[in-house]
Chemist: 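Starting off with a structure, shown below.
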Amino acid sequence: MAKEVMSGWTRVGNVSRGVSSVIRECIFGVLRVGPIPNHIAFIMDGNRRYDKKQNPGGAAVSGGHDAAFWALVAMVMYCYELGVKYVTAYAFSIDNFKRKSEDVQILMDSMLRKFDLLEKVAIHFAIRVHFAGNLGPFNNEFRVSAMKLMEATAGYSNSLLTICVAYTSRDEILHAIEESCEQKCIDHVREINSDGDHIIKLMDLEKNMYMAVAPDPDIIIRTEGENRLSNFLLWQSCGSHLCSMSVLWPEIELWNLVLAILNFQKHKPYLERKKKEKQV
Amino acid sequence: MLSLRFAVPTANTLIPTKTKPKSGLVVQTGWKQTGLSSSPPKRYDYKLQAATTDITDGRASVEDKEVELPAGLSRELMPKHVAVIMDGNGRWARQRELPTSAGHEAGVKSLREMVELCGQWGIQVLTVFAFSSENWIRPKVEVNFLLSLFERALKSEMESFGRSGIRISVIGDSSKLPASLLSLINEVEETTKNNTRLQLIVAVSYSGKYDVIQACRSIAERVKDGQIQLEDIDEGLIEQELETNCTEYPYPDLLIRTSGELRVSNFLLWQLAYTELFFTQELWPDFGKEDFVEALSSYQQRQRRYGGRHS
């Protein structure tokens, strides 16, 4: 475990100093000529295959998820430097509870170990951390740690990292519908909005979404080569540029991110034209 | 490992518990009246389906023979439900210095070919995104042209739908449609409701968010009326209220988008949770059998996990 932490900090160290940071600033300077996405979301796929690559024939270890964490930290740092204000990561889906219990436990333990590290990174870069999803299925220790991390970073407003845990988009929409229906029923009983406006509107649903803290993502990046959303940000992804890359998540590098942004910039004019048409 | 190991979860099939009266929107633009006896385009290199049609009691039945699939495709791995965002008609026309209407006409030919292929290859449901709720802001001339084209095409193809065993369903917000078109849609849906070879769902004036909101409003009404309690609201209830409750297979297995845009653009929002996405640079009027085979081939090679994990 200590070896993995050292490896992770080495990766972070390489991100933050040295020749690589100079080269990176040059690259980012070129990227800034075009539109920079305000929000990038990641579907972090490929940890298991990475684990098998590192431990062929061996039992499942936490290496895949630990390496995944450091990959996320690196991506968050790159995004922060570039000026991407919002980053969202799909860490754990409600559907993942269908996996073998030992796999689920490995992931839970890995996430729990990372809260302190994540807090250090977030405070260093003044990034607010938010957990989106239904934390109910998690044990008390997990919930308390997550709340503590959110409270410790609540004061930062420049950047937001949203980590989706025990999340699916359908569950999010269901939750928003429940809240909206309940509110309308309460209004009806109290005879608020006496003009009879009990009709649920778009804004009623959107304000009750777990992801109401952030605007819709400009780009959704999925690793491991899969081309589907897997119940992630269905509501918010209507206009998102979808990017599938074959690299495994723990192996994602700066150039993967740069290519995704370049691709986004190439398609942006089409989206802008559509937005202008709406405004006419 | 092939995705066939994992049965489509029961959540992907839906037995509607209620049928809402459908006053949907019809898209079909410029369908040509070519019957089954007409010569096929040259690019069809497989055996044509031989069909006999009996009309009894006003219903058409089609007896189909097995059609040989293109090399590389497996009938067992065929998606049950394919959805298509038919993008690129306008660009296709501009490239050829033609009016936009010509692009829509050409797009209809592509759609017709795809409908035939779906019917022959065992695909049960084809949903096409013909007109988004956001498309109403297009120039009035273009919108009026599309609506009139829809109406004419629907009238001309009604008999053909019966012969081909195609059931037509229309989803979307019908409040902006002309009354004559609405009436025609109802007639077509009623006339074809017992056809079973292929269900063609046409999304017109459709928005995935609107679909969820109207489902939410229906649920809220039922709560207000005391039919259900708040705690009864679950994903199953939402599924039943979405406009795709008109089909047994409401969730597309495969979504194809043409013209190179890499986004879903508010199409079938809830329904696309686990859908395999396939994007192609081809403009919709140029999308043909070879492109469809490529999309299906890509789909059949994918592993569908639904959040789980292969052992």
Side-chain angles (χ1 to χ4, degrees), chain A residues 45 48 93-100 103 168-171 173-174 176-185 188-189 198-202 204-206 219-220 222 225-232 234-244 263-264 266-267 270-271 274 277-280, chain B residues 11 91 132 134-135 137-139 207-210 212-217 219-224 228 230-231 233-235 237-239 241 254-255 257 259-279 298-299 302-311:
Chain A
D45 211 1
R48 175 79 169 183
S93 163
I94 292 175
D95 296 327
N96 295 158
F97 282 114
K98 291 187 282 193
R99 296 180 180 179
K100 291 181 192 171
D103 285 349
T168 63
S169 198
R170 284 182 181 169
D171 182 70
I173 294 170
L174 170 63
I177 289 177
E178 287 170 336
E179 294 290 308
S180 302
C181 286
E182 186 173 5
Q183 190 57 51
K184 288 298 177 184
C185 287
H188 178 69
V189 167
H198 303 300
I199 298 175
I200 291 176
K201 298 185 179 61
L202 182 74
D204 296 318
L205 285 186
E206 293 197 324
I219 309 176
I220 298 179
R222 179 166 190 154
E226 302 292 354
N227 227 322
R228 53 181 180 256
L229 289 170
S230 293
N231 217 338
F232 180 56
L234 299 176
W235 185 271
Q236 297 82 357
S237 62
C238 292
S240 304
H241 177 77
L242 306 177
C243 181
S244 172
N263 214 299
F264 159 77
K266 183 179 147 193
H267 285 85
Y270 174 82
L271 188 58
K274 291 293 177 187
E277 283 176 1
K278 277 191 198 179
Q279 290 161 3
V280 167
Chain B
R91 262 168 282 178
S132 160
E134 292 156 7
N135 291 154
I137 56 173
R138 287 186 178 183
S207 147
K209 286 189 178 178
Y210 163 81
V212 171
I213 290 171
Q214 67 83 26
C216 179
R217 287 175 181 166
I219 291 170
E221 276 301 308
R222 291 172 69 182
V223 170
K224 190 163 74 76
I228 55 173
L230 274 174
E231 47 270 19
I233 304 175
D234 58 15
E235 290 188 15
L237 192 62
I238 297 171
E239 290 157 8
E241 294 291 344
L254 171 66
L255 170 74
R257 179 169 188 155
S259 89
E261 292 301 323
L262 304 177
R263 49 180 57 87
V264 296
S265 296
N266 206 1
F267 181 45
L268 293 179
L269 183 156
W270 176 280
Q271 297 86 339
L272 291 183
Y274 300 103
T275 303
E276 297 291 334
L277 310 175
F278 182 85
F279 300 103
S298 170
Y299 168 81
R302 300 188 190 187
Q303 298 180 358
R304 307 189 72 190
R305 302 194 296 254
Y306 301 96
R309 200 193 286 288
H310 294 311
S311 55

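Heavy-atom basis, side chains included; hydrogens, waters and symmetry copies ignored. Just so we're on the same page: letters track the sequence lines, and every chain starts at 1.
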Chemist: Of the listed residues (L234(A), L229(A), I173(A), N263(A)), which shares the most heavy-atom pairs with chain B below a 4.5 Å separation?
Modeler: L234(A)
Chemist: With chain B, which of S169(A), C238(A), S180(A) has the greatest number of heavy-atom pairs at distances under 4.5 Å?
Modeler: C238(A)
Chemist: Side chains of E261(B) and F279(B): closer than 4.5 Å at any heavy-atom pair?
Modeler: no
Chemist: Could you pull out all residues at least two apart from S244(A) that satisfy side-chain contact (heavy atoms from CB on, under 4.5 Å)?
Modeler: N227(A)
Chemist: Side chain from CB out, backbone as N, CA, C, O: work out which of these in I233(B) comes under 4.5 Å of a heavy atom of chain A, or both, or neither.
Modeler: both
Chemist: Could you pull out all residues at least two apart from E182(A) that satisfy salt bridge (charged side-chain N to carboxylate O under 4.0 Å, His left out)?
Modeler: none
Chemist: For a 4.5 angstrom cut-off between non-hydrogen side-chain atoms, does E134(B) reach N266(B)?
Modeler: yes
Chemist: Test your reading of the model: is there a side-chain donor-acceptor pair from R170(A) to the backbone of W270(B), 3.5 Å cut-off?
Modeler: yes
Chemist: Tell me, for E206(A) versus chain B, whether the close heavy atoms (under 4.5 Å) come from the side chain, the backbone, both or neither.
Modeler: side chain
Chemist: Considering only heavy atoms, which portion of Y210(B) lies under 4.5 Å from any heavy atom of chain A: side chain, backbone, both, or neither?
Modeler: neither
Chemist: If you tally heavy-atom pairs under 4.5 Å against chain A, which of R217(B), E235(B), K209(B) wins?
Modeler: K209(B)
Chemist: Go through D234(B), L272(B), I219(B) and name the one with the most non-hydrogen pairs under 4.5 angstrom from chain A.
Modeler: D234(B)
Chemist: Distance-only, no hydrogens or angles: does the R263(B) side chain make a donor-acceptor pair with backbone N or O of G239(A) under 3.5 Å?
Modeler: yes
Chemist: Is Q271(B) reaching over with its side chain to a backbone N or O of E239(B), donor-acceptor style, under 3.5 angstrom?
Modeler: no
Chemist: Out of C181(A), G225(A), A176(A), S237(A), return the one with the most heavy atom pairs under 4.5 angstrom to chain B.
Modeler: C181(A)
Chemist: What part of L205(A) lies closer than 4.5 angstrom to a heavy atom of chain B: side chain, backbone, both or neither?
Modeler: side chain
